[in-house]
Amino acid sequence: MGYNLQIGNTLGVALCHISFGSLHEKEHDYDKAISEYDIAYRQLQSSKDEWHAISPLIALAGVYTTKGNDAKALEYLAKALHTARAIKSNEHLAEVYTLYYKLYKRMGNYNAALTAHENAAAMRDSVIDMEKLNRIQNAGLLIERNHQARVMHEANMNLKSERTARYINSVVFTVVVVILIGALVVFVFVQRIQRRNHLALKRFTEMRENFFTNITHEFRTSLTVILGMSRDLPGKSPDELKQSVQSIERQGYGLLQLINQLLDISKIESQMGNFDWRNGYITTYISMLVDTYRDYARCKNIDLQLYFKEPVTMDFVPDYVNKVFNNLISNALKFTPDYGKINIALWREGDSFFADVTDTGEGMDQKTAENAFKPFYQGETDSKNLGTGVGLALVKQIIDAVHGEISVKSEVGKGTTFHIQIPITNKSDIKLNEQTVDNAPELPTEEKKLVDTEADDNQCTVLVIEDNRDIAAYIGDVLNDRYAVAYATNGEDGMKKAIDIVPDLVVTDLMMPGMDGLELCRRIRSNDVVNHIPIVIVTAKISDQERIEGIEAGADAYLAKPFNVDELRSIVERLLDRQRSLRSKFGDNATNTKEPQQQEPQLTDVERRFLAKTVDHIYLLMDKQQLDVNTLAEKLCMSSRQFHRKIVTLTGSSPASFILKIKMKRARHLLETDPKLSVDEIAFRCGFEHTSSFYHAFRKTYGVTPKEMQRGVDG
């Protein structure tokens with residue numbers, strides 16, 4: 001600095017101020033760093049040296065970004081961006097866009113952050129491409145110079161010996177090979193970096209899409225109950241009104257809790273929260289917090305115990321301790337069955353505080369444990385499907401914010417242990433008032449119990465498959481005045497129940513743990529027992545692409561949450577009307593050959609194949625004199641109950657009635673086409689043991705006896 005001041009070198013002085021600012025910035029003395037960078041910028045700005053003036057601009061923007069002064073950072077970034085574009089410097093543009101990316105990401109503006117990230121990557125790629133081109137050009141110049149040197153040397157020395165020539169050629173060849181190998185290595189390295197950036201960008205995009213898909217599902221699910229039940233409140237009885245209000249309150253509280261957790265995560269990530277540090281006995285504080293859960297645990301016959309060897313004094317944030325242990329204890333209570341155990345152990349080792357929360361609940365598989373702290377993640381073995389998957393993500397953010405560590409160890413059927421380690425400090429001057437513990441325990445909500453209703457002979461059965469019990473109960477309340485309603489809480493249970501009861505219609509959610517709604521539709525359509533059943537998807541996924549995927553998977557209708565009650569009733573009624581039409585065709589008009597064909601409902605390919613297969617087996621068993629309902633069901637790989645439900649759904653007739661109609665059609669065909677056969681022979685071929693039974697059934701079906709029809713054919 002002294003020498004530059006002596007000779008009056010403005011550029012040298014400015015560069016020295018930039019160096020001083022960099023040293024202050026490394027020491028985290030940001031005010032002095034800003035002062036040095038500002039002096040350098042004003043000196044270079046007055047000299048109109050834009051190429052060097054952009055360096056203090058970028059440095060100022062970086063310092064203000066670090067300090068969290070977004071307005072100043074944006075101001076200097078705008079100037080730097082303008083200058084970099086004016087001098088066409090891709091290197092400086094890459095630095096500017098990188099700072100924009102960090103700033104927007106911290107502000108939560110992910111769209112702008114993504115754009116800045118892409119621009120920075122593009123600028124860096126262009127710089128790398130120019131460097132690669134320069135290397136290739138330099139390699140060409142080097143080869144040419146070596147060639148010219150060899151020619152001049154041969155002219156001046158009057159051709160060296162053959163050995164010397166071979167040596168020179170080998171040297172040239174080696175140089176070329178080395179250069180080409182170097183260029184290839186650089187090219188592969190650049191490609192690998194670009195691929196890595198592309199994969200990182202793809203993962204970021206997928207994470208963002210999954211986040212918004214899941215949060216939209218949670219919001220729409222809760223709003224479906226809140227809006228739907230709110231519209232129906234005026235017409236309800238006092239008991240029904242009380243239940244509806246409780247469901248609305250439960251969903252509203254869940255929605256508020258989800259929003260608060262998301263805000264807490266965002267607040268901690270952006271480091272905008274003021275940590276309210278207190279110094280005191282953290283073991284005593286946690287003990288009082290655990291006491292707020294003891295009554296609930298006692299009601300559920302769960303043994304809740306807290307263990308610690310000695311009191312531990314340290315700095316901690318009471319609100320963070322509440323959120324961490326509320327989430328962990330509440331989760332343990334949700335997934336621990338009656339007469340289970342929950343143990344909380346606290347201890348100190350050296351300069352670290354440790355805490356274990358252990359339960360004897362259902363546990364998690366390895367994949368679920370690895371993803372337990374990801375927002376909205378819910379394991380496939382989560383049969384109860386309680387919570388939104390945000391609580392553990394919040395716990396992880398809090399532990400990271402206080403420089404601690406959290407891990408989970410779990411085994412299916414044996415329970416789960418969350419292990420926490422936090423460094424102990426005693427720097428806070430504010431003491432904790434241990435007599436006031438502000439904590440409202442997050443007790444698991446008692447969800448409405450779903451009870452299947454029994455269907456009478458003339459009533460259709462609707463199977464509702466929905467992981468949110470309030471939504472399932474609401475759909476059931478909408479439909480149970482006209483139909484019998486059965487319930488399942490996930491795709492696996494729904495598939496088993498559909499095969500067991502063979503309902504007339506299925507209403508299913510799309511986003512469920514384990515088997516989702518799309519996979520459920522595919523399995524139903526590929527199963528001979530239930531492939532005829534209409535499917536209605538009710539979901540928060542409402543894009544055209546998702547709707548097309550649902551229809552392609554086999555759904556007959558697609559309804560978005562929050563849905564209109566009248567629209568749901570109309571869709572269900574329309575789909576069941578088709579089933580009734582099929583029953584009318586095969587039940588009332590199966591033997592009426594004069595019924596106009598154009599009035600018959602159209603069968604699907606699956607339904608036609610099933611009925612054709614059934615009729616084929618009836619004829620085969622009839623020829624073997626082995627025809628009965630149980631044998632026929634066994635040939636079709638069904639239980640007698642499943643076969644009965646499916647035949648009644650498609651034809652409106654019981655299996656025995658349907659078999660009798662096929663027998664009568666065959667008897668009539670034999671009477672009309674083979675008059676030489678006696679009535680006794682026809683009765684035997686149609687599976688009747690007694691001719692009198694055949695006479696009675698034939699006359700009841702066609703209004704004439706077999707003899708009278710035979711004489712009419714002969715005449």
Side-chain angles (χ1 to χ4, degrees), residues 264 267-268 273-336 340-361 372-373 391-392 394-410 415-444:
D264 286 335
K267 184 178 179 182
I268 295 170
N274 295 320
F275 290 3
D276 186 18
W277 291 102
R278 294 287 188 272
N279 185 270
Y281 290 107
I282 189 172
T283 49
T284 305
Y285 188 87
I286 295 174
S287 176
M288 289 187 288
L289 189 151
V290 172
D291 286 341
T292 62
Y293 287 91
R294 292 195 184 279
D295 289 340
Y296 180 85
R298 196 175 297 113
C299 292
K300 294 297 181 181
N301 297 311
I302 295 175
D303 184 16
L304 176 61
Q305 297 293 337
L306 173 69
Y307 304 96
F308 61 90
K309 295 181 179 179
E310 58 181 355
V312 178
T313 304
M314 61 181 290
D315 296 337
F316 63 94
V317 181
D319 182 50
Y320 285 178
V321 173
N322 288 359
K323 287 183 170 62
V324 168
F325 282 90
N326 279 338
N327 271 290
L328 296 181
I329 297 174
S330 179
N331 277 343
L333 289 170
K334 288 175 186 177
F335 299 109
T336 300
K341 293 183 179 180
I342 299 175
N343 294 328
I344 302 170
L346 312 174
W347 72 96
R348 173 175 183 164
E349 287 185 12
D351 294 331
S352 296
F353 173 74
F354 294 87
D356 278 356
V357 179
T358 304
D359 64 66
T360 59
F373 300 110
L392 290 180
L394 174 60
V395 169
K396 182 70 165 61
Q397 289 291 339
I398 290 174
I399 298 300
D400 289 344
V402 297
H403 308 294
E405 296 179 0
I406 183 170
S407 60
V408 59
K409 183 179 180 181
S410 185
T416 302
T417 297
F418 286 94
H419 181 71
I420 298 173
Q421 178 183 357
I422 301 174
I424 295 177
T425 59
N426 288 284
K427 298 180 180 179
S428 177
D429 297 329
I430 305 175
K431 297 297 181 181
L432 175 70
N433 182 3
E434 297 177 353
Q435 302 302 319
T436 58
V437 177
D438 183 16
N439 179 63
E442 296 181 4
L443 301 177

> Under 3.5 Å, is there a donor-acceptor pair between the side chain of D315 and the main chain of K427?
Replying inline: yes

>> Does any part of the side chain of K323, heavy atoms only, come nearer than 4.5 Å to the side chain of L394, both counted from C-beta?
In response: yes

> Given side chains that start at C-beta, do those of V317 and W277 come closer than 4.5 Å, heavy atoms only?
Replying inline: yes

>> If you compare all heavy atoms of A297 against all heavy atoms of L333, which two are closest, and at what distance to 0.1 Å?
In response: CB-CD2, 4.2 Å

> Would a 4.5 Å heavy-atom cut-off, applied to side chains only, mark Y293 and I302 as touching?
Replying inline: no

>> Quick one, R348 and I282 - any side-chain contact, counting heavy atoms below 4.5 Å?
In response: no

>> Working to the nearest 0.5 angstrom, can you tell me the gap between Y281 OH and I286 CD1?
In response: 15.0 Å

> Would I329 and I342 satisfy side chain to side chain contact (heavy atoms under 4.5 Å, CB included), going step by step from the backbone distance to the final call?
Replying inline: CA-CA 8 Å; I329 297 174; I342 299 175; 5.6 Å; no

> Under the side chain to side chain contact (heavy atoms under 4.5 Å, CB included) test, which residues partner D295, sequence neighbours left out?
Replying inline: R298

>> Once side chain to side chain contact (heavy atoms under 4.5 Å, CB included) is applied, do any residues pair with D400, and if so which ones, sequence neighbours excluded?
In response: K396

> Which value, rounded to the nearest 0.5 Å, describes the distance between D359 atom CG and L304 atom CG?
Replying inline: 11.0 Å

> Please walk me through it: do N331 and L392 pass side chain to side chain contact (heavy atoms under 4.5 Å, CB included)?
Replying inline: CA-CA 9 Å; N331 277 343; L392 290 180; 3.7 Å; yes

> Roughly how far, to the nearest 0.5 Å, is the CD1 atom of I406 from the CD1 atom of I398?
Replying inline: 9.5 Å

>> Holding to side chain to side chain donor-acceptor pair (under 3.5 Å), I want the full list of residues that pass it with K431, two or more places apart in sequence or in another chain.
In response: N279

>> How about CG on N426, more than 12 heavy atoms from neighbouring residues, nucleotides or ligands closer than 6.0 Å, or not?
In response: yes

>> Applying ring pair (Phe, Tyr, Trp, His ring centres under 6.0 Å), can you list everything that pairs with F316, at least two apart in sequence or on another chain?
In response: Y285

> To the nearest 0.5 Å, how far apart are OG in S352 and CD1 in I422?
Replying inline: 9.5 Å

> Where do N343 and Y307 come nearest, in terms of heavy atoms and distance?
Replying inline: OD1-CE1, 3.8 Å

> Can you tell me if T292 uses its side chain to pair, donor with acceptor, with the backbone of L289 under 3.5 Å?
Replying inline: yes

>> Is any side-chain heavy atom of F353 closer than 4.5 Å to one of T283?
In response: yes

> More than 12 heavy atoms of other residues, nucleotides or ligands under 6.0 Å from CG of N301: is that the case?
Replying inline: yes

> Who passes side chain to side chain donor-acceptor pair (under 3.5 Å) against R278, sequence neighbours left out?
Replying inline: D276

>> What's the separation between atom CZ in F418 and atom CG in L328, rounded to the nearest 0.5 Å?
In response: 6.0 Å

> Where do I424 and G350 come nearest, in terms of heavy atoms and distance?
Replying inline: CD1-O, 4.5 Å

>> Just to verify, what does D303 make a salt bridge (charged side-chain N to carboxylate O under 4.0 Å, His left out) with, not counting sequence neighbours?
In response: none

>> Nearest 0.5 Å, please: how far is CD1 in I399 from OH in Y320?
In response: 11.0 Å

>> According to side chain to side chain donor-acceptor pair (under 3.5 Å), who are the partners of E349, at least two apart in sequence or on a separate chain?
In response: W347

>> Once side-chain hydrogen bond (donor to acceptor under 3.5 Å, both in side chains) is applied, what residue pairs with a partner in residues 401-410 remain, sequence neighbours excluded?
In response: S410-T416

>> Run the side chain to side chain donor-acceptor pair (under 3.5 Å) test against T313 and tell me which residues pass, sequence neighbours left out.
In response: none

>> Under a 3.5 Å distance rule, please check whether T417 uses its side chain to pair with a backbone N or O of T358 as donor and acceptor.
In response: no

